[in-house]
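Heavy atoms only: backbone and side chains are in, while hydrogens, waters and symmetry mates are out. Just so it is clear, the model here is predicted, and its values are computed rather than measured.
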Amino acid sequence: MITHSEAAQEYSELKRKLAQKYPDNIQGYMDGKDGFIKEIDLKAAKWRASY
């Protein structure tokens, strides 16, 4: 995500929102990040496959 600053910013904002929503629920926080991380992993895999 170092080279994709927009994705890094989105991830940062998501983490802040989840931390506020789930201050005492690490599982809720982790679950909230899951979809975003899977999406980024898929995009990265497609990018790698294209080279």
Side-chain angles (χ1 to χ4, degrees):
M1 293 213 304
I2 292 170
T3 59
H4 299 331
S5 60
E6 286 182 18
Q9 182 64 34
E10 287 178 45
Y11 187 51
S12 178
E13 289 174 17
L14 174 63
K15 291 187 344 176
R16 275 194 290 273
K17 288 178 184 178
L18 291 170
Q20 289 176 346
K21 185 175 182 178
Y22 301 108
D24 299 318
N25 181 351
I26 190 66
Q27 192 61 51
Y29 174 81
M30 298 297 287
D31 290 346
K33 296 188 324 176
D34 188 60
F36 185 88
I37 292 170
K38 286 179 180 174
E39 180 182 332
I40 293 298
D41 282 347
L42 181 61
K43 287 179 181 179
K46 288 180 181 179
W47 178 81
R48 278 191 301 270
S50 71
Y51 286 93

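The CG atom of D31 sits 10.0 Å away from atom CD1 of I26, with the distance rounded to the nearest 0.5 Å. Taking NE2 of H4 as the reference point, atom OH of Y11 lies at 15.5 Å (rounded to 0.5 Å).
Ionic pairing of K43 and E39 is present here: one or more N-O contacts between side-chain nitrogen and carboxylate oxygen are shorter than 4.0 angstrom.
The side chain to side chain donor-acceptor pair (under 3.5 Å) test with S12 is passed by exactly one of Q9, K15, R16: R16.
Atom CD of E6 sits in a sparse spot, with 12 or fewer heavy atoms from other residues, nucleotides or ligands closer than 6.0 Å.
Residues forming a side-chain contact (heavy atoms from CB on, under 4.5 Å) with Y22 (at least two apart in sequence, or on another chain): L18, N25, Y29.
Taking both residues in full, the closest heavy atoms of G32 and L14 are given as O-CD2, 3.9 Å, listed atom of the first, atom of the second, then distance.
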